[in-house]
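So you know, we letter chains A, B, ... as the sequences are listed, proteins then strands, and number each from 1.
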Amino acid sequence: MSDKKVRVRFAPSPTGGLHLGGVRTVLFNYLFAKKHKGDFILRIEDTDQNRYVEGAETYILDCLQWCGLIPDESPVVSGPFAPYRQSERKAIYREYAERLVMQGHAYYAFDTPEELEQNRKEIPNFQYGQVYRMGLRNSLSLTEHEVDQLLDAKTPHVIRIKMPADERVSFNDMIRGHVSFETNQVDDKVLLKADGMPTYHLAVVVDDYLMKISHAFRGEEWLPSAPVHLLLWEYLGWKADMPQWAHLPLILKPDGHGKLSKRDGARLGFPVYAMNWFDARTGELTPGFRELGFLPEAFLNLLATLGWNDGTDQEIFTLDELIEKFSLERVSKAGAKFDFEKAKWFNAEWIKKVKGERLKEKVKTILEDKGISVADEDYLLKVINKVKDRCVLLPDFYQQAAYFFEQPKEYDINSVKPKWTDAKTEFFNLLVDKLSAEKAWDAAGLEITFKALAEDKAIKVGELMLPLRIMLVGGKFGPHVFDIAELIGKVETIKRIQKALELFNS
RNA sequence: GGCCCGUUCGUCUAGGGGUUAGGACGUUAGAUUUUCAUUCUAGAAACAGGGGUUCGAUUCCCCUACGGGCUACCA
């Protein structure tokens, strides 16, 4: 690695929500940058007017915010290489494209999209390149005079790279090692579109150069266009400054085949986007990990271990640990199928690991959204610490915590009724008296009182525990019953027993 | 079709010329929990196939198969 400052960039196009794979690319960029005390830049690649979606850029920003992966330079924080939106850099690219034309490494092409479409249909394996370009309308096949005329008449045209014949371009990928391509196999990619906007190919090279990017991470789907980019770096005379590349393995569908897509999430019932994405045009809402109840720590953790490991058995990592331990040599080459079950496991682990305090605001919101008012935050914290080990997703806190704040709405009566007896009614009536007289109100003391009375009445404790649970909780779940009684307090405990007693006896 | 990349339990993966091929999720069985979950213990479960190289290959090489990606004036 050279001694130049590490600068990496995440360069999404604002066309919709941020996909799992996108966030993982951000993560790896971020980890690499922070590990090497470098800069992490966010650059918006909005060169396609047609696919631009309102709100997508804000979404990306919010998403990075949620994950805690904050860029050092971006359209909003700015920096020495602004602007960071390619649409605002439009004028820059033309100059370089023209330069390539002058040097003979690129040329004007006047073919209409329809003509090309026609060719692709009629000629098997049609490629705009070596074989066919002289038969098409461009500044290579036309005379200088004809070209000037077309240009003067403002004929719509693009600029294409002229792929050289019979060359082998190769480079060293940080993940894959040596990769090489035959130039004859690559077509003359469009560099500058008819609307004057650059394509990704030109823009990424120009901006990576201008923004002094040292290492470039992107998905494996970009590997086939690497030779184009490589040649561009060379032709523009920047080869010495070319970033080192790393093509990340893809995240695949859990079942069938192919890249994981938004559709798969809907089909298989799990999120694919980081956060909810609402498409104003279609009115469609695509669910996200955040809203489903994932902690950002867990989300990042599961993404990090999808294609990377530290060589030990450790699976749970904090962001700081990831920064410390991350290394590209340990990124795997093969694509990984996404496993939502394991994703949930990561979240459960993080809910257990994290301090109750960290969960307070989130749980409060969940409860309040369900109409439960949370006045006492210390009490909430106690409740959270009692039940957090039983929650996989944040919304699970509703079921696990609601009964600490209000009487059960529903009772699992069927678990009690068949074995209900008058003796039990008598027991609980006596219990109410005993509890009323209880001085100290703590779980251990309550349990002693309860068991003593049971023995006195000659009823098996086991016969009484479940009814008491149903009385306090409403169902067969939750922590130790006496812990619950202690927390909800004397008055509430007695109230619930009395109310349930009426229900059981009606 | 062409080009490129890849291939260890169902899934994520560790390992690496000589190992009882390790871990995790999930799954199965059991223990603990007078509920449920947690936790704990145990079990089933993998080197795609064929050729080389080698004393020895799952590991290195080649081929095949399979999987994936790209093949737009999209990124």
Side-chain angles (χ1 to χ4, degrees), chain A residues 11-15 45-48 50-51 109 111-113 116-117 120 124-128 156-160 173 175-176 179-182 184-187 189-201 203-204 218-227 247 249-250 252-259 302 305-316 330 332-346 348-349 352 387-392 396 399-400 412 415 447 451 454 460-470 473 475-481:
Chain A
S13 57
T15 55
E45 309 228 332
D46 54 349
T47 55
D48 187 355
N50 303 318
R51 295 214 309 158
D111 321 84
T112 66
L116 295 176
E117 190 48 44
R120 277 188 268 270
N125 298 330
F126 173 81
Q127 275 207 148
Y128 206 121
H157 63 277
V158 301
I159 292 179
R160 287 179 180 272
D173 187 276
I175 292 172
R176 274 147 231 287
V179 182
S180 75
F181 304 83
E182 208 82 53
N184 294 348
Q185 302 290 343
V186 185
D187 60 339
K189 287 267 181 283
V190 170
L191 264 21
L192 202 75
K193 301 186 259 189
D195 65 2
M197 277 288 192
T199 59
Y200 171 82
H201 307 296
V204 76
R218 54 171 29 161
E220 193 189 350
E221 72 266 30
W222 288 107
L223 211 40
S225 53
H247 289 90
L250 264 16
L252 276 14
K253 299 176 197 293
D255 59 350
H257 316 291
K259 277 199 286 193
L302 74 94
T305 52
L306 208 52
W308 172 85
N309 71 82
D310 76 336
T312 72
D313 287 343
Q314 184 174 351
E315 295 206 85
I316 303 297
R330 299 209 59 91
S332 50
K333 298 178 176 71
K337 289 186 183 151
F338 180 67
D339 181 359
F340 189 52
E341 289 307 317
K342 184 126 191 191
K344 283 192 292 191
W345 174 79
F346 273 109
E349 288 300 307
K352 277 185 275 184
V387 305
K388 67 203 267 287
D389 287 5
R390 346 168 72 87
C391 296
V392 173
D396 293 345
Q399 196 212 27
Q400 293 296 337
D412 183 359
S415 298
E447 188 164 353
K451 285 183 173 170
K460 280 189 218 138
V461 176
E463 296 278 299
L464 300 164
M465 290 294 274
L466 190 61
L468 178 61
R469 171 171 298 280
I470 305 289
V473 176
K476 289 196 277 189
F477 58 89
H480 196 48
V481 231

Q: Using atom CD of Glu447(A) as one end and atom C1' of U34(B) as the other, report the distance to the nearest whole Å.
A: 9 Å
(Q) Using atom P in both nucleotides, what's the gap between U54(B) and A65(B) to the nearest angstrom? (A) 27 Å
Q: Figure out the CG/P separation between Leu250(A) and U7(B), and round it to whole Å.
A: 14 Å
Q: Consider the side chain of Gln185(A), meaning its heavy atoms from C-beta on, and name the nucleotide among C3(B), U34(B), G69(B) that approaches it most closely.
A: C3(B)
Q: Provide, to the nearest angstrom, the distance between the NZ atom belonging to Lys344(A) and the P atom belonging to C25(B).
A: 14 Å
Q: Select one nucleotide: of C12(B), A75(B), U38(B), the one nearest the side-chain heavy atoms of Lys337(A).
A: C12(B)
Q.
Checking base pairs now: Watson-Crick or wobble, both atom distances under 3.5 Å. What partners C70(B)?
A. G2(B)
Q) Can you find a side chain N or O atom of Lys352(A) that sits less than 4.0 Å from OP1 or OP2 on U39(B)? A) yes
Q | G23(B) and C60(B), which share atom name C1', separated by this distance in whole Å | A | 26 Å
Q: Whole angstrom is fine here: how far is it from CD in Glu349(A) over to C1' in U39(B)?
A: 11 Å
Q. Contact class for Ala334(A) vs. all strands (heavy atom < 4.0 Å): base, sugar-phosphate, or nothing?
A. sugar-phosphate
Q: Ignoring backbone atoms, test whether Asn309(A) places a side-chain nitrogen or oxygen under 4.0 Å from the OP1 or OP2 oxygen of A14(B).
A: yes
Q) Distance check: side-chain N/O of Arg218(A) vs OP1/OP2 of C70(B), anything under 4.0 Å? A) no
**Q.** C1' gap between G26(B) and G10(B), integer Å
**A.** 8 Å
Q | Pair partner, C9(B) [Watson-Crick or wobble, under 3.5 Å] | A | none
Q. Considering only the P atoms, how many Å lie between C66(B) and C74(B), rounded to the nearest integer?
A. 34 Å
Q) Should the pair Lys333(A)-Glu220(A) be classified as a salt bridge under the 4.0 Å nitrogen-to-oxygen rule? A) no
Q. Taking 4.0 angstrom as the limit, do Glu463(A) and Lys460(A) come out as a salt bridge?
A. no
Q.
Any strand counts, and the cut-off is 3.5 Å on both contacts for Watson-Crick or G-U wobble. Which nucleotide pairs with U54(B)?
A. none
Q) Which is true for Asn125(A) with a 4.0 Å heavy-atom rule: it touches a base, it touches only sugar-phosphate, or it touches nothing? A) base
Q: Could you tell me whether Lys460(A) contacts a base, only the sugar-phosphate backbone, or nothing, with contacts defined as non-hydrogen atoms closer than 4.0 Å?
A: nothing
Q.
Applying a 4.0 Å non-hydrogen cut-off, can you work out what Asp111(A) is touching in the nucleic acid: base, sugar-phosphate, or nothing?
A. base
Q: Check the side chains of Arg218(A) and His247(A) for a donor-acceptor pair under 3.5 angstrom, ignoring hydrogens and angles.
A: yes
Q. Which nucleotide in the list C74(B), C70(B), C73(B) gets nearest to the side chain of Arg51(A)?
A. C74(B)
(Q) Can you say whether a donor on the side chain of Lys342(A) sits under 3.5 Å from an acceptor on the base of A24(B), or the other way round? (A) yes
Q. For Arg160(A) and C73(B), is the shortest distance between a side-chain N/O and OP1 or OP2 below 4.0 Å?
A. yes
**Q.** Closest listed nucleotide, where the reference is the side chain of Asp389(A) and the choices are G23(B), C5(B), U38(B)
**A.** U38(B)
Q. Using a cut-off of less than 4.0 Å, is there contact between a side-chain N or O of Lys451(A) and OP1 or OP2 of U34(B)?
A. no
Q. What is the nucleic acid contact for Val190(A), judged by heavy atoms within less than 4.0 Å: base, sugar-phosphate only, or nothing?
A. sugar-phosphate
Q: Answer with base, sugar-phosphate or nothing: what part of the nucleic acid does Lys388(A) contact at a heavy-atom distance below 4.0 Å?
A: nothing
Q: Just say parallel, tilted or perpendicular for the rings of Phe338(A) and Phe340(A), cut-offs at 30° and 60°.
A: tilted
**Q.** Options G69(B), A24(B), A14(B), nucleotide nearest the side-chain atoms of Arg330(A)
**A.** A14(B)
Q. Does the side chain of Arg176(A) get closer than 4.0 angstrom to OP1 or OP2 of G69(B) through an N or O atom?
A. no
(Q) Please classify the nucleic acid contact of Pro124(A) as base, sugar-phosphate, or nothing, using heavy-atom distances under 4.0 Å. (A) nothing
Q: Pick base, sugar-phosphate or nothing for Gly307(A), based on heavy-atom distances below 4.0 Å to the nucleic acid.
A: sugar-phosphate
Q: Could you work out the separation of G69(B) and G51(B) based on their P atoms and round it to a whole Å?
A: 32 Å
Q: Just call it for His480(A): base, sugar-phosphate, or nothing, with non-hydrogen atoms closer than 4.0 Å on any strand.
A: base
Q. Starting at CG of Asp412(A) and ending at P of U35(B), how long is that distance when rounded to a whole Å?
A. 14 Å
Q) Between Lys193(A) and A75(B), does any side-chain N or O lie under 4.0 Å from OP1 or OP2? A) yes
Q. In whole angstroms, how far is the P atom of G10(B) from the NZ atom of Lys253(A)?
A. 22 Å
Q. Between Thr47(A) and A75(B), is there a side-chain N or O to OP1/OP2 distance below 4.0 Å?
A. yes
**Q.** Sub-4.5 Å side-chain heavy-atom contact between Trp345(A) and Leu302(A)
**A.** no
Q) Would you call the rings of Trp222(A) and Tyr200(A) parallel, tilted or perpendicular if under 30° counts as parallel and over 60° as perpendicular? A) parallel
Q | Carboxylate-amine/guanidinium contact Asp339(A) Lys337(A), below 4.0 Å | A | no
Q) What residue among Val190(A), Leu192(A), Leu191(A) forms side-chain contact (heavy atoms from CB on, under 4.5 Å) with Val158(A)? A) Val190(A)
Q. Does any nucleotide pair with A48(B) by Watson-Crick or G-U wobble geometry, both distances under 3.5 Å, and what is it?
A. U64(B)
Q) Mapping Thr112(A) and Ala343(A) onto RNA chain B by nearest heavy atom, which one lands closer to the 5' end? A) Ala343(A)
Q.
Partner lookup for U41(B), please. Criteria are Watson-Crick or G-U wobble with both distances under 3.5 angstrom; report none if nothing qualifies.
A. A29(B)
Q: Let me know the distance between CG of Leu252(A) and C1' of C70(B), rounded to the nearest Å.
A: 15 Å
(Q) Taking Lys342(A) first and then Glu349(A), would you say they form a salt bridge - that is, a charged N and a carboxylate O separated by under 4.0 Å? (A) no
(Q) Please classify the nucleic acid contact of Ser180(A) as base, sugar-phosphate, or nothing, using heavy-atom distances under 4.0 Å. (A) sugar-phosphate
Q: Take atom NE2 of His201(A) and atom P of A72(B), then tell me their distance rounded to the nearest Å.
A: 10 Å
Q: Using the C1' atom on both, measure U7(B) against U13(B) and round to a whole Å.
A: 14 Å
Q) Where do Thr199(A) and Lys189(A) land on the side-chain contact (heavy atoms from CB on, under 4.5 Å) test, with the steps shown first? A) CA-CA 9 Å; Thr199(A) 59; Lys189(A) 287 267 181 283; over 6 Å; no
Q. Is Ser332(A) near enough to U13(B) that one of its side-chain N or O atoms lies under 4.0 angstrom from OP1 or OP2?
A. yes
Q: Starting from the 5' end of RNA chain B, give me the residue, Thr312(A) or Arg469(A), whose nearest nucleotide shows up first.
A: Thr312(A)
Q: Name the closest nucleotide to the Ala336(A) side chain, picking from C73(B), C5(B), U13(B).
A: U13(B)
